[in-house]
Amino acid sequence: MNLPNRITIARICLIPIMMVFLLVDFSFYPEPLVWNSYELPLNQLIAAFIFIVAASTDGIDGYLARKNNMVTNLGKLLDPLADKLLVAAVLISLVEMGKCDSWIAVVIISREFAVTGLRQIALLDGSVVAASKWGKAKTVVQIVAIVLMLINNFPFELIGVPLDVIMTWAAALITIYSGIDYFVKNKHLLRLTNA
């Protein structure tokens, strides 16, 4: 197993660890970090750190695989799967914690499944659905929104700016738009006949 695949597997292994820090009752844990009236439980801070580390490995494994000619079928399967598992796991955890509306999680996760299905159809057709600029923007905005939710909107909460809410709505809207964009640009893959 090559290095890029190991990095991808490590990303998958970080997911349950992150979820433990998010969902297990840490009332026995040290007091939360406090600034004025702002509180950040230590377990959420650790989960945010794990999420950032996991999300940052997304580009690294693909870059190493392409640069060193280590692209494998296992990597092609695991890399997008790891990305979707990471985002789905953290969004579902945030819904459980009451930090994210369930409809936003459903929209984002549904879009990921739909675009993955489109990419599978493209592979069967002998083509590739390349990442678009809107797809890349979606990823960045989702990561920022998730991190802000994980750290209770710090430091913007201190100045009364609900940036976590703003970025979550932006993530939902860009997610919807980028999904539509993928399907419109690749509608030829969805033809009803083989003619």
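- Here the shortest heavy-atom pairing between Ile12 and Ala82 reads CG1-CB, 3.5 Å.
- To the nearest 0.5 Å, atom CG of residue Leu14 and atom CG of residue Leu86 are 8.5 Å apart.
- By the rule that hydrophobic residues join a cluster once side-chain heavy atoms approach within less than 4.5 Å of another member, Ile174 and Leu148 end up as members of one cluster.
- Other residues, nucleotides and ligands contribute more than 12 heavy atoms inside 6.0 Å of the CZ atom of Phe183.
- The shortest heavy-atom contact between Met18 and Ala47 is CG-O, 3.8 Å.
- Taking 4.5 Å as the limit, every side-chain heavy atom of Asp83 sits out of range of all side-chain heavy atoms of Val87.
- For the atom pair CD1 of Ile109 and CZ of Phe113, the computed distance is 7.0 Å after rounding to the nearest 0.5 Å.
- Under the 3.5 Å distance criterion, with hydrogens and angles disregarded, no donor-acceptor pair is assigned to the side chains of Asn2 and Thr72.
- Residues Ala171 and Ala145 approach most closely at CB-CB, 4.3 Å, considering heavy atoms.
- Taking each heavy atom of Ala105 and Cys100 in turn, the nearest pair found is N-SG, 4.4 Å.
- Inter-residue side-chain proximity for Arg111 and Ile176 is flagged as unmet; no heavy-atom pair is nearer than 4.5 Å.
- Considering only heavy atoms from C-beta on, Asp181 comes within 4.5 Å of Ser132 through its side chain.
- The only option from Leu64, Asn68, Thr57 that meets the side chain to side chain contact (heavy atoms under 4.5 Å, CB included) definition with Pro4 turns out to be Leu64.
- With rounding to the nearest 0.5 angstrom, the CH2 atom of Trp169 is 13.5 Å from the CG atom of Asp164.
- Considering every non-hydrogen atom in both Leu150 and Ala48, the closest pair reads CD1-CA, 3.7 Å.
- Cluster annotation: Leu40 and Val165 are assigned to the same hydrophobic cluster (Ile/Leu/Val/Met/Phe/Trp/Tyr, side-chain heavy-atom contacts under 4.5 Å, transitive).
- One distance of note links CG of Asn43 with CG of Leu23; it measures 9.5 Å at 0.5 Å rounding.
- In this structure the side chain of Glu39 never reaches within 4.5 angstrom of the side chain of Glu157, judged on heavy atoms.
- Residues Ile17 and Leu81 fall within the same hydrophobic cluster, defined by Ile, Leu, Val, Met, Phe, Trp and Tyr side chains chained together at heavy-atom separations under 4.5 Å.
- Side-chain contact between Asp79 and Asp58 is present, with heavy atoms from C-beta onward closer than 4.5 Å.
- Clustering ILVMFWY residues whenever any of their side-chain heavy atoms sit less than 4.5 angstrom apart, transitively, puts Val53 in the very cluster that holds Phe51.
- Cation-pi geometry between Arg119 and Tyr182 is met: under 6.0 angstrom from the ring centre, within 45 degrees of the axis.
- Using a 4.5 Å heavy-atom threshold, the side chains of Leu22 and Val90 count as touching.
- Salt bridge Arg11/Asp61: present, at least one basic N to carboxylate O contact under 4.0 Å.
- The OG atom of Ser102 lies 12.5 Å from the CG atom of Leu94; values are rounded to the nearest 0.5 Å.
- A single hydrophobic cluster is seen to contain both Leu91 and Val147, as judged by linkage of ILVMFWY side chains at heavy-atom distances under 4.5 Å, directly or through other members.
- From Lys187, atom NZ reaches atom CG of Leu118 across 12.0 Å, with rounding to the nearest 0.5 Å.
- Remark: the Asn152 side chain and the Gln44 side chain contain an N/O donor-acceptor pair separated by less than 3.5 Å.
- Of all non-hydrogen atoms in Val115 and Gly179, the two that sit nearest each other are CG2-CA, 4.4 Å.
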